[in-house]
Amino acid sequence: MVETSSNVGINKAQLVGTHDGRVLVPVYNWASFLEPYFKKIPNIKKYHHFRFSKDSPGMVFCKEFVASPEQPFMLLKNQEVLPPAHLPPTIRPDGLTLDRKNYLYNEIRQFCKPGKEDLVTPAQSN
């Protein structure tokens, strides 16, 4: 699905982790890392177009539709204080809940490729 979402093939599917819990693409705790420095955009879900400019550091220009007027928002809480230039801590994925594992076993297992059932939907003991 991902690879057919682009007419020129620039989108590539990427495995982010393995069945044994190995993380291939780390996830960072951006929310808590950035919260002290940035404000949230009110009603962000109504906007579909965002523009940033090097001429307006800390600002984002939002539009509901392509032809709508831009609405500027100052994202920085304090324009004199910028976030550190290092990555935040990584977040270790929790994995699937027992309920989700049971759902996969009971409802999805029948659709797995033969021989892959125990990899995709292993039986749960509790």
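- In this structure, the side chain of Arg51 does not engage the main chain of Phe61 through any donor-acceptor pair within 3.5 Å.
- Hydrophobic clustering (ILVMFWY, side-chain heavy atoms < 4.5 Å, transitive): Leu104 and Val120 are in distinct clusters.
- No side-chain heavy atom of Lys40 sits less than 4.5 Å from a side-chain heavy atom of Phe73.
- Nearest approach of Tyr37 to Pro84, heavy atoms of both residues: OH-CD, 3.4 Å.
- Following chains of ILVMFWY side-chain contacts shorter than 4.5 Å, one cannot reach Tyr103 starting from Tyr105, and the two form parts of different hydrophobic clusters.
- A 6.0 Å sphere centred on NZ of Lys46 holds more than 12 heavy atoms belonging to other residues, nucleotides or ligands.
- Lys63 places none of its side-chain heavy atoms less than 4.5 Å from the side chain of His48.
- In the displayed structure, Asn78 atom CG is contacted under 6.0 Å by more than 12 heavy atoms of other residues, nucleotides or ligands.
- Using a 4.5 Å heavy-atom threshold, the side chains of Tyr47 and Val60 count as separate.
- Two different hydrophobic clusters hold Phe33 and Ile91 under the rule that ILVMFWY side chains link at heavy-atom gaps under 4.5 Å.
- For the side chain to side chain contact (heavy atoms under 4.5 Å, CB included) test with Pro26, the passing option among Thr90, Val16, Leu87 is Thr90; the others fail.
- Here the closest heavy-atom approach between residue Pro72 and residue Met59 is recorded as CB-CE, 3.3 Å.
- The local environment of CZ in Phe38 is crowded, with over 12 non-hydrogen atoms from other residues, nucleotides or ligands closer than 6.0 Å.
- Side chain of Gln110 to backbone of Ile108: no donor-acceptor contact under 3.5 angstrom is found.
- Two residues are said to be in side-chain contact when any heavy atoms from C-beta on lie closer than 4.5 Å; Val23 and Pro93 meet this criterion.
- Counting heavy atoms from C-beta on, the side chains of Ile44 and Phe50 come closer than 4.5 Å.
- Looking at every heavy atom in both residues, Glu117 comes nearest to Arg109 through O-NH1, 3.2 Å.
- Minimum interatomic distance between Ser32 and Pro36 (heavy atoms only, all atoms of both residues): O-CD, 3.4 Å.
- Here the shortest heavy-atom pairing between His49 and Val66 reads NE2-N, 3.3 Å.
- Between the side chains of Asp99 and Thr97, no donor N or O sits under 3.5 Å from an acceptor N or O.
- Hydrophobic clustering places Leu82 together with Trp30 (ILVMFWY residues linked when any side-chain heavy atoms are closer than 4.5 Å, directly or through intermediates).
- To the nearest 0.5 Å, atom CG of residue Leu75 and atom CG of residue Leu34 are 10.5 Å apart.
- Side-chain contact between Leu76 and Val81: absent, with no pair of heavy atoms (C-beta onward) separated by less than 4.5 Å.
- Between Asn11 and Val2, the shortest heavy-atom contact is CB-O, 3.5 Å.
- By the neighbour-count criterion of 12 heavy atoms within 6.0 Å, atom NZ of Lys77 is densely surrounded, having more than that number from other residues, nucleotides or ligands.
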